[in-house]
Trainee: 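Sharing a structure here in C-alpha cells format.
Remember, it's a predicted structure, so these values are computed and weren't measured experimentally.
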Amino acid sequence: MSGSLLGPYRLRPILLCSVQQQEAVRSLRNEPSVRSAMYADHVISVEEHQRWLQGLERDDRRATFVVLGASGGVAGLASLTAIDHTHRTADWGFYMGPSAPAGLGSAVLSQIIGYAFGSLGLEKINGEVIEGNAASLGVHHKLLFQVEGFRRSQVRREGGRLGVHLLGLTLEDWREGAPRLAAAKHEVAIDLAE
C-alpha cells in the first residue's frame, strides 16, 4: 500500500483512483484477514482484478469507493451493489485493511449510508455477514442495522459450511437513530471530483 494511512480520509470512486491505488486495493483484498470474511475467499489475480474494474465501467448499479488516507494510502473499500432505483434499495459490502485505525470502518460506513440515502435517494440498504465475523456484525449493529434473517450452511469454508446473517437498514431507522450515534473518531469525506 502506497502512502500513509493517517487522516483525514476520503472516499474516492475506484475508477478515479490511480493505477497504483487500484492495485493496492487488490493487494488489500488478498490479505488473509480480508479474504476470510468474503464469499469468494481465493487470491484475486491481476487479470481477475482487471476484469472486475472493466465491469465497473459499464455498471451503473454499483458504486465502489476506495478509502484513502491523507497521502493516498489505501485503507479499505466500501461499495453499494445491486442498486435498484425502482425499489430504492442496494446491497453493500466493505473491508478495511489490517493497518486501518480503529473506528475508521464505522466512520467510512456512516458516509456511505449518508451517500446512499442522500445523493442516491435510496430507502433501504441490505448487508450480509458470514457466520463468525463478530467485528462486522458489531459494526452493522452499531450503525442501526437490524437482523432480518439467517441463511444456514450458505458458504463453504475449509471443508465445512457456515451460515450468513442477513441485515437491513431503512431510511426511517437511520433518520430516527443516527442523531444518537457517537461522533465518528475519524474525519471522512466523499471525493467525486474528476
Side-chain angles (χ1 to χ4, degrees), residues 1-5 9-15 17-57 59 61-69 72-83 90-109 111-113 125-143 145 147 149-167 186 188:
M1 285 174 264
S2 62
S4 168
L5 291 185
Y9 299 90
R10 60 191 171 118
L11 294 167
R12 183 111 171 105
I14 193 167
L15 296 178
C17 288
S18 71
V19 171
Q20 293 81 11
Q21 290 167 331
Q22 291 174 353
E23 176 55 26
V25 166
R26 185 181 76 86
S27 295
L28 182 61
R29 173 60 177 79
N30 283 332
E31 288 282 334
S33 62
V34 173
R35 283 194 348 245
S36 68
M38 308 300 275
Y39 274 100
D41 62 348
H42 65 280
V43 173
I44 306 296
S45 69
V46 171
E47 296 79 17
E48 183 178 357
H49 189 64
Q50 287 304 314
R51 284 192 304 273
W52 176 69
L53 289 169
Q54 290 166 356
L56 291 175
E57 292 174 4
D59 190 348
R61 291 181 41 124
R62 292 189 281 179
T64 304
F65 295 92
V66 179
V67 182
L68 299 172
V74 174
L77 183 129
S79 64
L80 294 164
T81 61
I83 297 169
D91 298 339
W92 82 345
F94 56 90
Y95 50 87
M96 294 291 133
S99 299
L104 180 57
S106 294
V108 164
L109 297 174
Q111 285 296 319
I112 293 294
I113 292 168
I125 301 170
N126 299 303
E128 297 183 4
V129 176
I130 294 175
E131 184 177 10
N133 190 345
S136 184
L137 267 180
V139 168
H140 277 85
H141 289 302
K142 178 179 178 180
L143 294 173
F145 277 74
V147 175
F150 182 77
R151 289 190 182 124
R152 297 176 306 124
S153 194
Q154 183 68 14
V155 271
R156 293 179 56 198
R157 281 294 186 275
E158 299 174 17
R161 299 196 64 85
L162 295 173
V164 174
H165 299 273
L166 306 175
L167 301 116
H186 302 282
V188 178

Trainee: Any side-chain heavy atom of His141 sitting closer than 4.5 Å to one from Leu167?
Mentor: yes
Trainee: Out of the candidates Ile113, Ile112, Ile125, only one should pair with Leu143 under the side chain to side chain contact (heavy atoms under 4.5 Å, CB included) rule; please name it.
Mentor: Ile113
Trainee: How long is the gap from CD on Gln20 to CD on Gln22, to the nearest 0.5 Å?
Mentor: 9.0 Å
Trainee: Between the side chains of Tyr39 and Gln154, does any donor sit under 3.5 Å from an acceptor?
Mentor: no
Trainee: Are Val108 and Leu11 side-chain neighbours, meaning at least one heavy-atom pair lies under 4.5 Å?
Mentor: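 Contact flag for Val108/Leu11 side chains = yes.
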Trainee: Around atom CZ of Arg161, are there more than 12 heavy atoms of other residues, nucleotides or ligands at under 6.0 Å?
Mentor: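 Enclosed: over 12 neighbouring heavy atoms sit under 6.0 Å from CZ of Arg161.
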Trainee: Walk me through whether Arg29 and Arg35 qualify under side-chain contact (heavy atoms from CB on, under 4.5 Å).
Mentor: CA-CA 6 Å; Arg29 173 60 177 79; Arg35 283 194 348 245; 3.5 Å; yes
Trainee: Ignoring hydrogens, what is the shortest heavy-atom contact between Ala107 and Val188? Give both atom names and the distance.
Mentor: CB-CG2, 3.8 Å
Trainee: Can you name the salt bridge (Lys or Arg N to Asp or Glu O under 4.0 Å) partners of Glu23, sequence neighbours left out?
Mentor: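 Expected list: Arg26.
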Trainee: Table please: side-chain donor-acceptor pairs of residues 91-98 below 3.5 Å, with sequence neighbours left out.
Mentor:
unit_1 : atom_1 : unit_2 : atom_2 : d
Trp92  : NE1    : His140 : NE2    : 3.1

Trainee: Return yes if some donor-acceptor pair links the side-chain N/O of Gln21 with the main-chain N/O of Gly72 below 3.5 Å, else return no.
Mentor: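 Side chain of Gln21 to backbone of Gly72, a donor-acceptor pair under 3.5 Å: yes, one is there.
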Trainee: To check you understand the geometry: which heavy-atom pair defines the closest contact between Cys17 and Arg12, and what is its length?
Mentor: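 Looking at all heavy atoms of both residues, the shortest contact is SG-CG, 3.7 Å.
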Trainee: side-chain hydrogen bond (donor to acceptor under 3.5 Å, both in side chains) with Arg62: which residues, sequence neighbours excluded?
Mentor: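 Asp59.
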Trainee: Evaluate the side-chain proximity of Asp41 to Val155: yes if any heavy-atom separation is below 4.5 Å, no if none is.
Mentor: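 Not touching, per the 4.5 Å side-chain cut-off.
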Trainee: Look only at the side chain of Ser106 and the backbone of Gly103, and say whether a donor-acceptor pair between them is shorter than 3.5 Å.
Mentor: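 No.
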Trainee: Could you go through the side-chain contact (heavy atoms from CB on, under 4.5 Å) check for Val74 and Leu68 one step at a time?
Mentor: CA-CA 5 Å; Val74 174; Leu68 299 172; 3.8 Å; yes
Trainee: Quick one, Arg152 and Phe150 - any side-chain contact, counting heavy atoms below 4.5 Å?
Mentor: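 When only atoms from C-beta onward are counted, Phe150 and Arg152 do touch, with a gap below 4.5 Å.
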Trainee: Measure the spacing between CG of Leu137 and NE2 of His165 and express it to the nearest 0.5 Å.
Mentor: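 With rounding to 0.5 Å, CG (Leu137) is 4.5 Å from NE2 (His165).
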Trainee: Hey, could you give me the OG1/CG distance between Thr64 and Leu56, rounded to the nearest 0.5 Å?
Mentor: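 So the OG1 of Thr64 and the CG of Leu56 are separated by 4.5 Å.
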Trainee: Roughly how far, to the nearest 0.5 Å, is the CG atom of Leu77 from the CG atom of Leu28?
Mentor: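 One gets 8.0 Å once the value is rounded to the nearest 0.5 Å.
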Trainee: Can you see which heavy atom on Pro13 is nearest to which on Phe65, and at what distance?
Mentor: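 It is N-CD2, 3.7 Å.
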Trainee: Hey, what do you get for CD1 (Ile130) to CZ (Arg151), rounding to the nearest 0.5 Å?
Mentor: 12.0 Å
Trainee: What do the steps show when you test Phe145 against Leu166 for side-chain contact (heavy atoms from CB on, under 4.5 Å), and what is the final call?
Mentor: CA-CA 10 Å; Phe145 277 74; Leu166 306 175; over 6 Å; no
Trainee: How long is the span from the OG atom in Ser99 to the CD atom in Glu31, to the nearest 0.5 Å?
Mentor: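 Reported to 0.5 Å precision, the distance equals 7.5 Å.
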